[in-house]
Amino acid sequence: MEDKELIYVAGNPNVYPLEYYDEDAGTYAGVIPELLRQFSQQSNYQLVYYQEGSRDQRAQLAKNRQVDLLSGYTQADEAPSHSQPVTVFNAVWEGEQITYQVYVSDVAPEALKGQLESYFASVDEETLSGTSIHAAVQYPTPHALYWSLAGFGLAAAALTAAVILLMRHYRKMLRKARQSIETDEVTGLGNAEYLTRYYKQFVNDKNRILYKLCYFYVDTDQLRRLSNNEETNEFLRYAATLLQEYTGDSDILARVSDHGFVLAKLSGSAQTDEEWLTSLITRARAYSEKYQKPFEVNLSAGIYPIKASDRDLNEMVFNASQSARAASQTGVDYMVCSDQVLHQLLEERRLQADIERALTNQEFELYLQFYVDCGAHRIVGAEALSRWQHPEKGLLTPGRFIPMMEREGKISKLDYYSLEKVCSFLEELVELGIDTFFISCNFSRDTFAAADFVDNCKRIIGQYQFPRELLVFEITESVSSKNISQLQQNTVALKEYGVKLALDDFGEGFTSFYDLQQYPIDIIKLDKSLIDNMGTERGDAILKAMIRVGHELGVTILAEGVETDDQVETITRLQCDLLQGFRFCYPLPRWEAQKKISQLFLTARTDDKSFSPSAP
Ligand code: C2E
Ligand code: CA
Ligand code: CA
């Protein structure tokens, strides 16, 4: 058994009972996997299914040369790239010969193809029928009865008859399996696979240019943050029902990802498009009011008019989705994908390609925006904010790169990188004799909720000398997070380690008060939207109550985004503790912030002892 060479196999989850993915057993099952297992037992290879699951990933895995063997083909299927077929067995179905095949890829060991050929040639009726019985015993399913009956039949009957039986069952199962594979669980609409299948059926060379791909984007991440998973799903179902109303007989509607629906619409003129789109989006946005939900919902659309030369559905959906995101970011209802939009997308993709280099070359820079106290407006600390000094594009603010890095899964690298910069800055200040200035750091939710977050932070912080309470971690999480318990555990562990915690963007969602109970918070950062809405009697009363609750819990209250003297006056009257905003200063580069801090703290120390501000 030991020292067997590993062979990676990509299976076909959709040809029950010849080969299928058994969810219960968490593995591939059926006649072909069983034969392959027998082959594995008597050969020098150990066969392992690669990326097991109910998605057919064979084409991609073949393209990437990630597997040695691709399974579950007939002669009628499109051959995977970089590979050679080997016949498993032949069967006759409705007078037609069907050849079942596996493909050996060009990264497989050289001898594999020949060995498989001779193994499959040696498989006789008895082995095959035995395999089916064996499969039934090993993987009990609701069809076990059928299997055992089929098993007896197979043992006695000829191979052809057996395969006919199997095929009949297979067709029925395939239809069923297809239905479940092609359905979105949340809304009951078809999913991306469904869209692909119907697109092929509906759209052809003659009618292609009459179709438009409309992508409807829902910021589900934000929605989950502002409400919770169930509320989010409820809105998605509402949106699905609404979209169905606008779906004609020749149109295809599907939910293709967590964020998006696609409606492939046989369309009219631009004017009628404008009408139905505006009506649909307005109705979607009315959801919160209609059902009295305490959060805003949004639906933005990206429209991709299909061109005669377009062939790649995925690319079209991608373009439409990007236009929808662009619409969402710029606050318009919908955006038609034009050359200009595509150009911007291209720019974004180029920027995306620069991220790795930027991290290696340290192109991200630490900027600091000061916090002042409410009384004398003395500088007491700062928030660390990242900027990207791009060699060609100049200085980029986080809006240009953080959402992209989050999508690309690269944000953690930046977060740890920024943390390290902050630690080194704090150490520098302490060396200068400034040991009360505190700095808060932003972390993406995914970074903060990771299992190794605390260890990684301790490793970084441990390399620098400064009092730990000068470091503040900002969290922006709410009840709806996926890894809520891990996140909570992390906050507690960090607190024990000695750093402080701030709750960022407080008041943006309606679950924020819940977070106060969940996390050992030291500072609440009141979201800019609360500050912007100050001035009405009710608004001020709510804010005052919030501040009082915070104070009763022993928490420092900080107002973000303070821009005007009026705001300063009101928020001070409401007994806020700290302020941050353009009214006082913009984010400054590290060197400039350091100069200012040194001037203020070191001069003040000799002149006036009471100036020394303290960390919260
Ligand atoms: P945030 O945490 O809410 O940070 C405050 C943002 O508000 C900053 O934008 C700041 O420049 C801006 N701001 C401050 N005062 C005012 C004001 O008076 N008026 C207005 N209109 N805006 C004000 P910035 O620097 O563009 O950062 C945007 C967001 O990017 C931040 O929002 C933060 O969540 C995120 N971010 C920045 N650096 C990092 C980082 O290293 N890692 C992660 N994960 N996120 C970061
Ligand atoms: Ca922040
Ligand atoms: Ca904030």
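All residue numbers in this chain count up from 1 along the given sequence. For ligands, and for the atoms within them, numbers begin at 1 and follow the listed sequence.
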Assess the pair [X] and [Y]: is the distance between their ring centroids shorter than 6.0 Å?
X      : Y      : value
Phe443 : Phe473 : yes
Tyr215 : Tyr304 : no
Phe364 : Phe401 : yes
Phe216 : Tyr334 : no

>> Are Leu578 and Val380 packed together at the side-chain level, in the sense that at least one heavy-atom pair is separated by less than 4.5 angstrom?
In response: yes

Tell me, which protein residue and heavy-atom name are nearest [atom], and how many Å apart are they?
atom                    : result
atom 34 (O) of ligand 1 : Asn442 OD1, 4.0 Å
atom 16 (C) of ligand 1 : Phe582 CE2, 3.3 Å
atom 3 (O) of ligand 1  : Asp505 OD1, 3.5 Å
atom 15 (N) of ligand 1 : Gln369 NE2, 3.1 Å
atom 6 (C) of ligand 1  : Leu385 CD2, 4.8 Å
atom 5 (C) of ligand 1  : Glu383 OE1, 4.0 Å
atom 40 (C) of ligand 1 : Ser386 OG, 3.5 Å

Using a strict 4.0 Å cut-off to heavy atoms of [X], name the atoms of ligand 1 that fall inside it.
X      : value
Pro587 : 11 (O)
Ser444 : 44 (N)
Phe443 : 44 (N)
Ser418 : 41 (O)
Glu563 : 17 (C), 18 (O), 19 (N), 20 (C), 21 (N)
Asp415 : 40 (C), 42 (N), 43 (C), 44 (N)

So, [X] versus [Y]: side-chain donor-acceptor pair below 3.5 Å or not?
X      : Y      : result
Gln66  : Asn64  : yes
Glu420 : Tyr464 : yes
Ser444 : Asp446 : no
Lys421 : Tyr416 : no
Thr476 : Asp505 : no

> Is the Ca ion (ligand 3) less than 3.0 Å from at least one N/O/S atom of Asp527?
Replying inline: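 Not a single backbone or side-chain N, O or S atom of Asp527 is under 3.0 Å from the Ca ion (ligand 3).
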
> Hey, is there an N, O or S on Glu474 sitting under 3.0 Å from the Ca ion (ligand 3)?
Replying inline: no

>> Using 30° and 60° as the class boundaries, would you call the ring planes of Tyr238 and Tyr287 parallel, tilted or perpendicular?
In response: tilted

So is [X] touching ligand 1 or not, going by heavy atoms under 4.0 Å?
X      : value
Gly561 : yes
Lys525 : no
Lys528 : yes
Arg583 : no
Gln580 : no

> Does the shortest distance from the Ca ion (ligand 2) to an N/O/S atom of Ser440 fall below 3.0 Å?
Replying inline: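 Here the distance criterion (N, O or S atom, under 3.0 Å) is not met by Ser440, so no.
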
> In Asp504, the N, O or S atom nearest to the Ca ion (ligand 3) is which?
Replying inline: OD1

> Counting heavy atoms only, which of Pro398, Cys585, Cys441, Ala384 comes nearest to atom 27 (O) of ligand 1?
Replying inline: Pro398

> With respect to atom 46 (C) of ligand 1, which of Asp504, Thr476, Asp532, Ile402 exhibits the smallest heavy-atom separation?
Replying inline: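 Looking at heavy atoms only, Ile402 sits closest to atom 46 (C) of ligand 1.
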
> Is there any N or O on Gly399 that sits under 3.5 Å from an N or O of ligand 1?
Replying inline: no

> Under 3.5 Å, N or O to N or O, is Thr397 touching ligand 1 that way?
Replying inline: no

> Quick one: does atom 9 (O) of ligand 1 have a protein heavy atom under 4.0 Å from it?
Replying inline: no

>> Is it the case that atom CD in Glu431 sees more than 12 heavy atoms from other parts of the structure closer than 6.0 Å?
In response: yes

> What's the shortest heavy-atom distance between Ala384 and Val422, and which atoms?
Replying inline: CB-CG2, 3.5 Å

> Can you tell which part of Thr447 has a heavy atom less than 4.0 Å from ligand 1: side chain, backbone, both or neither?
Replying inline: neither

> Taking the side chain from Asp540 and the backbone from Gly535, do they hold a donor-acceptor pair closer than 3.5 Å?
Replying inline: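 At least one qualifying donor-acceptor pair exists.
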
